Participant: 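The structure follows.
When reading the values below, keep in mind they use all heavy atoms of this one structure, side chains included, and skip hydrogens, waters and symmetry mates. All chains are named by letter (A, B, ...) in the order of the sequence lines, taking the proteins before the strands, and each is independently numbered beginning at 1. This structure is a prediction, so every number in the text was calculated from the model and none was measured.
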Amino acid sequence: MRYQRPKGTADILPGQSEAWHFVEETARLLFGDYRYNEIRTPLFESFDVFARSAGDTSDVVTKEMYDFHDKGDRHIALRPEGTAGVVRAYVENKLYGPEFAKPYKAFYIGPMFRYERPQSGRQRQFHQVGVEAFGSDSPALDVEVIAMATQFFETLGLTGLRVAINSLGDAESRENYRQALIDYLKPHYDELSDDSKERLEKNPLRVLDSKDPKDQQFVEDAPSILDYLTESAQAHFTEVKALLTELKIDFEIDETMVRGLDYYNHTIFEIMIESEAFGKGYTTVCGGGRYSGLVKEFGGPADVSGVGFGIGLERLILLLDSEGIEMPTANDLDVYVVGIGDETSHETLKLVQAIRGFGFSADRDFLDRKPKAQFKSADREKASFVMTLGQNELDAGTVNFKSMVTGKEDTIKLSDIYEDFPQIYDQHFEE
RNA sequence: GCGGUAUUGGUGAAGUGGUUAACACACCGGUUUGUGGAUCCGGCACGCAUGGGUUCGAUUCCCAUAUACCGCCCCA
């Protein structure tokens with residue numbers, strides 16, 4: 001094997017790509033119903049676009065960015081997620097201007113890149129679908145976004161969703177909580193895992209995410225961020241909960257759910273699902289939340305906030321597969337044209353072309369194979385009908401028309417097929 | 001970035017330091033000089049991820065590299 005695909009990449013082959021279309025089309029249609037329109041931004045951006053949005057010290061920037069210098073010595077990075085590019089485009093195209101609807105709602109679908117160690121469902125090139133809505137602080141928009149995500153999964157046929165929400169409050173709430181958390185954890189410093197010791201220094205909220213069982217014991221008794229929300233932050237969260245209840249969307253509050261970045265505030269949420277595909281327990285298939293400051297960071301107005309989510313498509317399709325959800329496969333073949341003898345090649349090609357011209361699918365043999373082998377191909381491609389054309393038919397100006405379902409055969413004039421194939425098709429399909 | 005397991009044909013896989021690398025599925029051909037899903041028969045790895053090394057001899061042992069998978073880190 002001379003060449004192999006780059007580490008952490010995958011070929012999506014015919015047979016699988018139909019499932020991708022299904023998921024993507026479902027997203028396009030549904031998001032359209034919510035009046036989110038597709039935005040397509042470059043797969044690569046200036047390195048700074050992502051470094052800016054993620055913070056210079058985060059692992060994403062230092063470790064996971066797929067970056068390089070181009071021939072003009074520009075520092076380029078392949079996009080590791082969708083939000084930064086969308087925000088950049090929002091600001092660069094001045095979509096906050098008065099002529100645009102507010103909130104400005106957009107979705108994206110496409111490949112993302114992270115230079116990390118591949119594992120199942122984690123690749124260096126992977127795909128996400130996500131949405132962003134800018135320019136409204138309304139809790140109703142938070143809930144619309146959550147509702148859209150849950151409806152997306154339900155439309156795909158998934159059940160047993162679990163919606164977890166939390167609030168990080170505003171900047172003041174976060175600062176108060178951060179200090180409280182440090183005060184709580186500091187006395188236990190020596191008992192924490194090495195990883196969490198470091199987290200405590202760099203990003204205390206991350207300790208809440210630790211997988212270490214000992215850490216988790218401390219986390220259980222840690223103060224809750226919800227007790228540190230300012231009055232207005234509290235009001236926002238209360239309204240979100242009320243609206244979710246109104247929409248009959250079941251949710252639970254996870255006080256330990258956090259985000260690493262400072263830009264997140266108020267509502268954050270994850271949608272989880274229990275599936276064999278990812279071992280036991282619930283796995284997150286969608287993460288999202290509200291953020292502020294990003295637009296300003298990119299040079300836009302200071303007061304424009306955003307809310308959105310991202311969904312990893314590889315994981316989602318793994319999930320749909322393991323849940324046995326029916327997804328469309330390659331479309332069936334209407335007609336297979338069997339040609340017998342070299343002399344028929346011209347006519348069989350004209351036939352398939354004519355049938356395709358009428359909007360039906362048609363195929364023929366290209367390997368000079370015998371009739372039996374051609375019938376096998378027709379069978380494998382699930383052809384509804386087979387037309388057989390040999391010297392006899394050619395002389396008579398006819399074709400043998402066989403239904404692969406009933407096995408019934410009929411002789412049809414070539415001229416009739418060229419004139420009105422749909423009529424012949426309908427007539428025989430009825431039987 | 002760290003640790004572990006694995007790598008045999010189109011696929012699933014068995015196998016051994018020594019002459020022809022099981023078996024099954026798929027595919028191709030024949031049985032039927034022009035008709036599918038069945039039966040039977042035949043074909044299908046000069047090769048065991050790649051590169052070195054040990055050995056009289058390696059797919060089998062050792063080392064390196066690549067890739068996949070699992071765990072950690074991280075996951076905006």
Participant: What is the distance from CG of A:Asp212 to C1' of B:C72, rounded to the nearest Å?
Facilitator: 11 Å

Participant: Using atom C1' of each nucleotide, how far apart are B:C44 and B:G30 to the nearest Å?
Facilitator: 15 Å

Participant: In whole Å, I'd like the distance from the CD atom of A:Gln374 to the P atom of B:G37.
Facilitator: 14 Å

Participant: Got a minute to check which stems RNA chain B is part of, using Watson-Crick or G-U wobble pairs under 3.5 Å, three or more consecutive?
Facilitator: B:1-7 with B:66-72, B:10-12 with B:23-25, B:27-30 with B:40-43, B:49-53 with B:61-65

Participant: Before you tell me yes or no, could you show the steps for A:Glu45 and A:Arg52 under salt bridge (charged side-chain N to carboxylate O under 4.0 Å, His left out), namely the whole-Å CA-CA distance, both residues' side-chain angles and the distance that decides it to 0.1 Å?
Facilitator: CA-CA 12 Å; A:Glu45 300 267 0; A:Arg52 204 23 100 78; over 6 Å; no

Participant: Roughly how many Å apart are B:G17 and B:C2, using the C1' atom of each and rounding to a whole number?
Facilitator: 35 Å

Participant: When the distance from CZ of A:Phe309 to P of B:C75 is rounded to whole Å, what number comes out?
Facilitator: 21 Å

Participant: If you measure from the P atom in B:G12 to the same atom in B:U7, how many Å do you get, rounded?
Facilitator: 13 Å

Participant: Check whether the side chains of A:Ser173 and A:Asp170 place a donor and an acceptor atom closer than 3.5 Å, and report yes or no.
Facilitator: yes

Participant: How would you label the contact of A:Arg199 with the nucleic acid (heavy atoms, under 4.0 Å): base, sugar-phosphate, or nothing?
Facilitator: sugar-phosphate

Participant: Can we say A:Asp379 and A:Lys376 salt-bridge, meaning some charged N sits less than 4.0 Å from an Asp/Glu carboxylate O?
Facilitator: no

Participant: Can you tell me if the side-chain N/O atoms of A:Arg380 get under 4.0 Å from OP1 or OP2 in B:C27?
Facilitator: yes

Participant: Both conditions, 6.0 Å and 45 degrees, for the charged tip of A:Arg364 above the ring of A:Phe366: are they met here?
Facilitator: yes

Participant: Which residues satisfy the salt bridge (charged side-chain N to carboxylate O under 4.0 Å, His left out) test with A:Arg369, sequence neighbours excluded?
Facilitator: A:Asp365

Participant: Between P on B:C74 and CZ on A:Phe113, what's the gap in Å once rounded to a whole number?
Facilitator: 25 Å

Participant: Would you please name every residue forming a ring-ring contact (aromatic ring centres under 6.0 Å, His included) with A:Tyr115, sequence neighbours left out?
Facilitator: A:Tyr66

Participant: Roughly, in whole Å, what's the span from CG in A:Asp194 to P in B:C74?
Facilitator: 12 Å

Participant: Taking the P atom in each of B:A49 and B:A21, what is the distance between them to the nearest angstrom?
Facilitator: 15 Å

Participant: Answer yes or no on whether A:Arg162 is positioned over the face of A:Tyr282, meaning its NZ or CZ is under 6.0 Å from the six-membered ring centre and within 45° of the axis.
Facilitator: yes

Participant: Using the C1' atom as the reference point in each nucleotide, state the distance between B:G34 and B:U19 in Å, no decimals.
Facilitator: 48 Å

Participant: In whole Å, what separates the C1' atom of B:U32 from that of B:U8?
Facilitator: 38 Å

Participant: So, A:Glu255 side chain and A:Ile225 main chain: donor-acceptor pair closer than 3.5 Å or not?
Facilitator: no

Participant: Between B:C75 atom P and A:Gln128 atom CD, what is the distance in whole Å?
Facilitator: 14 Å

Participant: Should A:Arg79 and A:Glu81 count as an ion pair when the cut-off is N to O under 4.0 Å?
Facilitator: no

Participant: Calculate the interatomic distance between A:Met257 atom CE and B:A76 atom C1'; express it in whole Å.
Facilitator: 15 Å

Participant: Could you work out the separation of B:C63 and B:U54 based on their P atoms and round it to a whole Å?
Facilitator: 15 Å

Participant: Nearest-Å distance, CD (A:Glu198) to P (B:C2)?
Facilitator: 16 Å

Participant: Looking only at atom P, what distance separates B:C56 and B:G51, rounded to whole Å?
Facilitator: 23 Å

Participant: Please check: side-chain N/O of A:Arg199 versus main-chain N/O of A:Leu205, any donor-acceptor pairing under 3.5 Å?
Facilitator: no

Participant: Are A:Glu191 and A:Lys214 within salt-bridge range, i.e. N to O under 4.0 Å?
Facilitator: no

Participant: Report all interatomic pairs (protein N or O, nucleotide N or O of nucleotides 67-70 of chain B) with separations under 3.5 Å.
Facilitator:
unit_1: B:U67; atom_1: OP2; unit_2: A:Lys7; atom_2: NZ; d: 3.3
unit_1: B:A68; atom_1: OP1; unit_2: A:Gly8; atom_2: N; d: 2.8
unit_1: B:C70; atom_1: OP2; unit_2: A:Ser120; atom_2: N; d: 2.3

Participant: Of A:Tyr104, A:Tyr90, A:Tyr36, which meets ring pair (Phe, Tyr, Trp, His ring centres under 6.0 Å) against A:Phe134?
Facilitator: A:Tyr90

Participant: I need a per-nucleotide contact map over nucleotides 31-36 of chain B, read 5' to 3'. Cutoff is protein heavy atoms under 4.0 Å; write B for the base, S for backbone only, - otherwise.
Facilitator: B--BBB

Participant: Decide side-chain hydrogen bond (donor to acceptor under 3.5 Å, both in side chains) for A:Ser193 and A:Asp195; before the verdict, give the C-alpha distance in whole Å, the side-chain angles of both, and the deciding distance to 0.1 Å.
Facilitator: CA-CA 5 Å; A:Ser193 68; A:Asp195 287 331; 5.2 Å; no

Participant: Mind listing the residues from residues 289-305 of chain A sitting with a heavy atom below 4.0 Å of RNA chain B? Number order is fine.
Facilitator: none

Participant: With side-chain hydrogen bond (donor to acceptor under 3.5 Å, both in side chains) as the criterion, how do A:Asp67 and A:His75 come out once you've worked through the C-alpha distance, each side chain's angles and the decisive distance to 0.1 Å?
Facilitator: CA-CA 7 Å; A:Asp67 67 320; A:His75 194 183; 2.6 Å; yes

Participant: CD1/A:Ile273 to CG/A:Leu316 distance, rounded to the nearest 0.5 angstrom?
Facilitator: 9.0 Å

